[in-house]
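Read through the structure below, which is laid out as structure tokens, and then see the notes.
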Amino acid sequence: MKLRLLSIDRQLATASGTWKSYLEEARLSVIEAMLALEEEGEGYLLLMRKDCSM
């Protein structure tokens, strides 16, 4: 996902008009997905810690 975000950022540097709007929306979607995965991972680690402490 980080590579996808980097690719979008590079394209945004030269984009204009409708294509730029599309790339900005795609960038936000990728960032949201990354944050969701991070949150899911933190939840999983919390569950693992609880299981190990029993």
CG (L47) with more than 12 external heavy atoms under 6.0 Å
yes
Closest non-hydrogen atom pair between A15 and K20, with its separation:
O-CD, 3.7 Å
So do the side chains of K50 and L46 get within less than 4.5 Å of each other, counting heavy atoms only?
yes
Verify same cluster id: L6, I31 (apolar side-chain graph, 4.5 Å)
no
Are V30 and Y22 connected into the same hydrophobic cluster when the rule is that any two of I, L, V, M, F, W, Y join if their side-chain heavy atoms are below 4.5 Å apart?
yes
I need the L5 CG to S29 OG distance, nearest 0.5 Å.
11.0 Å
Under a 3.5 Å threshold, yes or no: a donor from one side chain and an acceptor from the other, between Q11 and S7?
yes
L23 side, atom CG; L28 side, atom CG - distance, nearest 0.5 Å:
11.0 Å
Where M1 and L37 come nearest, the two heavy atoms and their spacing
CE-CD1, 3.7 Å
Here the gap from I8 atom CD1 to R10 atom CZ, rounded to the nearest 0.5 Å, amounts to 12.5 Å
Quick one: which residue pairs count as a salt bridge (Lys or Arg N to Asp or Glu O under 4.0 Å) with a foot in residues 26-45, not counting sequence neighbours?
D9-R27
